[in-house]
Amino acid sequence: QVQLVESGGGLVQAGGSLRLSCAASGLLFSIDSMGWYCQTPGKQRELVAIINTGGGTNYADSVKGRFTISRDNAKNTVWLQMNSLRPEDTAIYYCNADAKRTILSTLRDYWGQGTQVTVSS
């Protein structure tokens, strides 16, 4: 099995910062892209940021200039630095990894359990 372990969520005042972490472990051969998604009740899960193995990134327009995604390929870890947080950033944030379990496996998506981020006014 492949597990994604998340940490760093919590309650923060508007304008503050949080740093989310996600480490992939278990029966894992390789990881391609990693990313962060968010979801609020009644809404679809939405892309926040994605980073590929070469360091290329994509961000949702709403977080550009405020959030930064980074990774350590050797540690199978991805971070999301969240600055200038706003109440509308409040959501459950999910870590995602596009990975192969074995050398012969095809790529598939794996998800963490999610971590709650709450930004108060």
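As the structure is a prediction and not an experimental result, all values here were calculated from the model.
- With values rounded to the nearest 0.5 angstrom, L80 atom CG is found 9.5 Å from L18 atom CG.
- The CD1 atom of I69 sits 8.0 Å away from atom OG1 of T57, with the distance rounded to the nearest 0.5 Å.
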Y37 and W111: ring-ring contact (aromatic ring centres under 6.0 Å, His included), yes or no, with the steps?
-> CA-CA 10 Å; Y37 294 72; W111 294 91; 5.0 Å; yes
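- Put simply, the side chain of L28 does not reach to within 4.5 Å of the side chain of T102, judged on heavy atoms.
- Looking only at side-chain heavy atoms (C-beta outward), S70 and V78 stay at 4.5 Å or farther from each other.
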Stepwise side-chain contact (heavy atoms from CB on, under 4.5 Å) test for Y59 and V48 | CA-CA 6 Å; Y59 294 92; V48 177; 6.0 Å; no
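- Between the T40 side chain and the A91 main chain, no donor and acceptor come within less than 3.5 Å of each other.
- A salt bridge links K64 with D61: the distance from a Lys NZ or Arg NE/NH1/NH2 to an Asp or Glu carboxylate oxygen falls below 4.0 Å.
- The 12-atom threshold is exceeded at CD of E88, counting heavy atoms of other residues, nucleotides or ligands nearer than 6.0 Å.
- For the pair C22/W36, a side-chain contact is recorded, criterion being any heavy-atom separation below 4.5 Å from C-beta on.
- The shortest side-chain heavy-atom distance between Q113 and L4 does not fall under the 4.5 Å cut-off.
- For the pair R45 (side chain) and C38 (backbone), a donor-acceptor distance under 3.5 Å is absent.
- Heavy atoms only, all atoms of each residue included: A23 and T77 are closest at CB-OG1, 3.8 Å.
- Residues T90 and V117 have side chains not in contact (no heavy-atom distance under 4.5 Å, counting atoms from C-beta outward).
- Salt-bridge formation is not detected for the pair D32/K100: no Lys NZ or Arg NE/NH1/NH2 atom is positioned less than 4.0 Å from an Asp or Glu carboxylate oxygen.
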CA sep, side-chain torsions, deciding dist, call: W79, S21, side chain to side chain donor-acceptor pair (under 3.5 Å) | CA-CA 4 Å; W79 297 269; S21 299; 3.3 Å; yes
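- Rounded to the nearest 0.5 angstrom, Q13 CD and S121 OG are separated by 8.5 Å.
- Looking at heavy atoms from C-beta onward, S17 lies out of side-chain contact with M82 at the 4.5 angstrom threshold.
- Atom CG of L107 and atom CG of D98 lie 4.5 Å apart (nearest 0.5 Å).
- Residues V5 and I92 fall into different hydrophobic clusters, defined by Ile, Leu, Val, Met, Phe, Trp and Tyr side chains chained together at heavy-atom separations under 4.5 Å.
- The two residues R71 and I51 make their nearest non-hydrogen contact at NH1-O, 3.1 Å.
- Hydrophobic cluster membership is shared by L20 and V119, with clusters built from Ile, Leu, Val, Met, Phe, Trp and Tyr side chains linked at under 4.5 angstrom.
- Rounding to the nearest 0.5 angstrom, the gap separating the CE atom in M34 from the CG atom in N73 is 9.0 Å.
- To the nearest 0.5 Å, atoms CZ (R101) and CZ (F29) are separated by 13.5 Å.
- Within the 4.5 Å cutoff, side-chain heavy atoms of D89 are placed close to those of F67.
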